[in-house]
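Notes follow the structure.
Side-chain atoms are counted along with the backbone in the values below, which use heavy atoms only and exclude waters and symmetry mates. Residue numbers start from 1 in every chain, and the chains themselves are labelled A, B, ... in the order their sequence lines are given, proteins ahead of strands. Every value quoted in this text rests on a predicted model; they were computed, and no experiment measured them.
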Amino acid sequence: MGNSIQFIESGVRLIASERNWIEGDAIEQLKHVSRLEGMNQVVGLPDLHPGRGYPIGAACWSQQKIYPALVGNDIGCGMALYETSADANKVKQDKWEKALRKNAFKDQESWSQAGASRFCEQAKRVGLDEQLQANTELVDGFHHSYGTIGGGNHFAEFQKVIKVHNDTLFTELGINKKALFLLVHSGSRGLGEAILRQHVDAFGHQGLDQQSVDADNYLTKHNLALCWAEVNRELIAARMCDCLGLDLTEILDVNHNLVSPVSVNGQTGWLHRKGVTPADQGVVMIPGSRGSSSYLVKPIVSDVSLSSLAHGAGRKWVRSECQGRLRKKYRISELQRTSLGSRVICDDKSLIYEEAPEAYKSIDIVVADLVAAGLAEIIAEFAPVITYKNVYKEACCK
DNA sequence: ATGTCC
């Protein structure tokens, strides 16, 4: 075990044990963020790795200032876990793979329509009705993206329980150990991107004063993007299950790219999470790569971690070097299978290399570091069955 | 991450 909380410098902490390799560039980015005006504390989680200017896997707590660039372009990106009506041991992989490829993402226009009305309903339900009215033009621009997974590390993956680590906590959740589950990792697609771009075009990378109209405007759009992303994950799950004739029940849906008002030591401030799972939203899923386990954990709220957890394994290799490193080792057909017996549906040649299990760090170490730091309890471990990845391109040809 | 980028 050993301690996995490192104090890098004043206001900069890293949750990582000695055996967890963290890239030096990521630590430098973390220190850089800590020096931004009004930045009070930053914490690197065990999946910390370098991003474009700002680190991924970093929780950043500021006072007075809000930094949209720290949330990034994929506002509202998160993980949603669903229990399906299927028995995990009765999955017909060949048949399901064919059905998913053929039918899961067809009829985009009707799903766009369904998405638009679902988003409207949901915005009303969470009290964002007026905010939506004021931003209809922005939102309408992404009508075509409802229910699409997107690229990068986004995926929708059928999974099964392979080990229950804590019977009491597992039973409390009331979920079926034998069921097939679906984990959806996606976000706000082009909407979040547009919101960040608008902000950067107007203000560059400087923070916004929390009392300003500009901060209000950003937060309004940010909150709409969170809602949009939540609806999007629900739509992705629905269309995948529809095509296989499965029912589904949501177990959890937690965003990991967002900024929210959070008090630390009794002082109010703003917590920016980029690739960081909140520890105060109930149980969460921390997935590894497509070739490793995902962990369902119960987070433990703590000021040390700024009430945050890792959101995944974290990249080990940058995307641009994956194909070069693995091209001679694997054919595409080999990348469509994993050592755990799961299938990978991904027609993008670069992406299937970029997301290879080798490109990611060990999820077992990441989760062990969280447990060693007293930040999480493992409930159960899940293994992939079918991983679906796609980048939607159809509508552009019209 | 992004209708990526001609």
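- Atom NE2 of A:H154 and atom P of B:dT4 are 16 Å apart (whole Å).
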**OP:** Please lay out, stage by stage, how A:H205 and A:Y54 fare under the test ring-ring contact (aromatic ring centres under 6.0 Å, His included).
**Re:** CA-CA 11 Å; A:H205 283 230; A:Y54 303 103; 5.6 Å; yes
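- Atom CZ of A:R189 is separated from atom C1' of B:dT2 by 8 Å (rounded to the nearest Å).
- Atom CG in A:L196 sits about 10 Å away from atom C1' in B:dT2, given to the nearest Å.
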Under 3.5 Å, sequence neighbours excluded: what are the donor-acceptor pairs made by side chains of residues 169-182 of chain A?
from	atom 1	to	atom 2	distance (Å)
A:T171	OG1	A:D167	O	2.7
A:N176	OD1	A:K178	N	2.9

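- Between A:D348 atom CG and B:dT4 atom P there is a gap of 13 Å when expressed in whole angstrom units.
- Spacing between atom CD of A:Q198 and atom C1' of B:dT2 amounts to 14 Å, rounded to whole angstrom units.
- Every pair passing salt bridge (charged side-chain N to carboxylate O under 4.0 Å, His left out) that includes a residue from residues 231-243 of chain A is listed here, sequence neighbours excluded: A:R118-A:E234, A:R233-A:D253.
- Atoms CG (A:L138) and P (B:dT2) sit 16 Å apart, rounded to a whole Å.
- As rounded to whole Å, 12 Å separates atom P of B:dT2 from atom CD of A:E354.
- The only option from A:Q323, A:R315, A:K349, A:R319 that meets the side-chain hydrogen bond (donor to acceptor under 3.5 Å, both in side chains) definition with A:E354 turns out to be A:R319.
- Residue A:G152 is in sugar-phosphate contact alone, with no base atom involved, counting any heavy-atom pair closer than 4.0 Å across all strands shown.
- Here B:dT2 presents its P atom at 10 Å from CH2 of A:W228, a figure rounded to the nearest Å.
- The residue A:G151 sits close only to the backbone: its heavy atoms come under 4.0 Å of sugar-phosphate atoms, none of a base.
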